[in-house]
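All heavy atoms count here, side chains included; hydrogens, waters and symmetry mates do not. Lettering follows sequence order; numbering is per chain, from 1.
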Number of protein chains: 2
Amino acid sequence: MDETSNLSRIDEIVAVHVAELFRALGDASRIQIISALIDNEINVGELAKIAGISESAASHQLRNLRQMRLVKSRKKGREVYYSIDDDHITDLIQRAIDHVAHE
Amino acid sequence: MDETSNLSRIDEIVAVHVAELFRALGDASRIQIISALIDNEINVGELAKIAGISESAASHQLRNLRQMRLVKSRKKGREVYYSIDDDHITDLIQRAIDHVAHE
DNA sequence: CAAACACCTGAATACATGTTCATATATGCA
DNA sequence: TGCATATATGAACATGTATTCAGGTGTTTG
């Protein structure tokens, strides 16, 4: 009805997905994990140390990130190595770090 | 002590700030609000309609965004017009939209 | 095989977050 | 001045989320 403006309103469904993506990045532990994984393949135990959380908590977080297809895992013996699955995310995080850094 | 790898571990404080930034963008209503504000100045009532939430809820969300310095407000008569305060965010959101879009 | 190790999982818990509701403030208008 | 409009606010409530805890699976090693 009200047809006053043709703004850059994005579709609600797109908004939901964008918000989901940002929410997946909205936790300090996950940011530490992902940024450590940039250009590196690291197992769960070491990721837990890096993020300063228990291995169980790390495992839960990694499941989230896997389900969001941000990281992928590879089993090697009894260890599981994680790496970045989505290179666009590297870029997003890098920009956010830069943004936070000089200000 | 353990000095095995010189990875790109970011500082925990930086991680917290980056996570806060992403969390501020981790809600569909806020994404709709911010994306509508790109290149536009819009008042609370209209933003509420755009995001499909009540004016009260919009006001709460806008306070969040103001506190995060992502948007700024300007009072004009009895209406309050909001606009983007941080142009870097436009870029982040645009990238996230692109990323979500083609996939 | 048994024990140690690395990781995963579900339930429980504590805390964060978004919305609603009632109310307050502030501006414009008759 | 009195009333409608636009926005802000705090409390209450419901829902979401991160961690811990207690186990469970699969793998290596002695």
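Residues from residues 58-66 of chain B that place a heavy atom under 4.0 Å from any atom of DNA chain C, listed by number: B:H60, B:Q61, B:N64.
For CD of B:E12, the number of neighbouring non-hydrogen atoms (other residues, nucleotides, ligands) closer than 6.0 Å is 12 at most.
Atoms CD (A:Q32) and P (D:dT19) sit 10 Å apart, rounded to a whole Å. Atom CZ in B:R78 sits about 7 Å away from atom P in C:dG28, given to the nearest Å. In this structure, B:I53 atom CD1 and D:dT7 atom C1' are separated by 13 Å, rounded to whole Å. When the C1' atom of D:dA18 is taken as reference, atom CE of A:M68 falls 16 Å away, rounded to whole Å. Rounded to whole Å, atom P of D:dG16 lies 12 Å from atom CD of A:E20. Atom CG of B:L47 and atom C1' of D:dA8 are 15 Å apart (whole Å). We find that CD of A:Q67 is positioned 12 Å from C1' of C:dT9, with the value rounded to whole Å. For A:Y81 and C:dC7, the OH to C1' distance is 13 Å, given to the nearest whole Å.
Checking B:E79 against A:G77, the closest nucleotide of DNA chain D that is more toward the 5' end is the one next to B:E79.
B:Y82 comes within 4.0 angstrom of sugar-phosphate atoms only, judged by non-hydrogen atoms across all strands, and of no base. Heavy atoms of B:E55 sit under 4.0 angstrom from at least one base atom.
Here C:dG18 is the nucleotide among D:dA6, C:dT9, C:dG18 with the atom lying nearest to any side-chain atom of B:R30. Nearest nucleotide to the side chain of B:R23, out of C:dC7, C:dT17, D:dA18: C:dT17. In this structure, of C:dG10, C:dC7, C:dT20, it is C:dT20 that holds the atom nearest to the side chain of B:S56.
At least one side-chain nitrogen or oxygen of B:S54 sits closer than 4.0 Å to the OP1 or OP2 atom of C:dT20.
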